[in-house]
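A short worksheet on the structure shown next.
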Amino acid sequence: MRRPGSTWERLNSSFWFVPGLMTAGAGLLFGVTLQLEQLVPSGVSGLPVVFSGGADAARTVLSVISGSLITVVATVFSLTIVALQLASANYSPRLLRNFTSDRGVQLVLGAYIGTFTYSLLVLRVVRTPRGETAAFVPIVSVTVAVLLAMICVALLVYFIHHIASLIQSSTIVRRARVDTLKAVSKLDDLGDSPAEEGSPEDRPEVRELLRGDPLIVRAKDSGYVQ
């Protein structure tokens, strides 16, 4: 039976979990900003940082944001996967696993998909004047969408720098060391000391391992080292 901690660790390091949470958060943010539309005074649209266009301008802005973001996500991540495949062939297949479980990569993907989802939700409620139907321009929601798009531009620069650092050999070796020590520290039958919370180096067996002393870990079942 798989331990609950192992299940949570697999879920937390999966490629879809954090972006899924951020996408759900984008839906909640849309609900909050839509409620704030009724509380904003009419004169606030004259401020420089607040969107002040009409319904057509709002549709154009939201369409550009949503269309450009999904294009950037598809292009950048496709090129990144190609670069990672080339690097993993030279270094280690571990590189692809590090990419999918990397928190920075997950946050960038979640920010782009969340902003895309938020822009579509706001675009759905924009109304142009038609007959007796009055126009409705959610200035708060559109302003938030523009701010989120600016954040995504900054995250694109961070993502390129982060991937360039991720495929370096020093980063691969360092992360392999950290993952190995964490895995060793979680073994319940490793010597006489139980697994405890804290740094992996606190366990006597791990300190012996770092000194270079041999350490025998007997497998209970047949399988492979993951």
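Quick caveat: nothing in here was measured; it's all calculated off a predicted structure.
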Residues at least two apart in sequence or cross-chain that pass side-chain hydrogen bond (donor to acceptor under 3.5 Å, both in side chains) with Q85, listed by chain then number, are none

Residue set satisfying side-chain hydrogen bond (donor to acceptor under 3.5 Å, both in side chains) with R175, at least two apart, ordered chain then number -> D102

Which atoms form the tightest heavy-atom contact between [X] and [Y], and what is the distance?
X    : Y    : value
V126 : P138 : CG2-CD, 3.7 Å
I65  : T115 : CG2-CG2, 4.3 Å
V18  : R103 : CG2-NH1, 2.8 Å
L34  : S141 : N-OG, 4.0 Å

Would you give the length of the straight line joining atom [atom1] of [X] to atom [atom2] of [Y], rounded to the nearest 0.5 angstrom?
X    : Y    : atom1 : atom2 : result
L86  : I81  : CG    : CD1   : 11.5 Å
R127 : R59  : CZ    : CZ    : 10.0 Å
L36  : T143 : CG    : OG1   : 11.5 Å
I113 : C152 : CD1   : SG    : 10.5 Å
T80  : F99  : OG1   : CZ    : 5.5 Å
Y91  : S169 : OH    : OG    : 5.0 Å

Please identify each residue that fulfils side-chain contact (heavy atoms from CB on, under 4.5 Å) with [X], with sequence neighbours left out.
X    : value
H161 : S165
F116 : S66, I70, L120
V73  : F77, L109, Y112
L29  : T33, Y118, V144, L148

Indicate, with yes or no, if [Y] and [X] share a hydrophobic cluster defined by side-chain heavy-atom contacts under 4.5 Å among Ile, Leu, Val, Met, Phe, Trp and Tyr.
X    : Y    : result
V50  : V137 : yes
V125 : V64  : no
V142 : L147 : no
I151 : L121 : yes
L79  : V76  : no

- Query: Is a donor on one side and an acceptor on the other found under 3.5 Å between the side chain of Q106 and the backbone of F17?
  - Reply: no

Tested for side-chain contact (heavy atoms from CB on, under 4.5 Å) against V122, the lone hit among L62, T117, V61 is L62

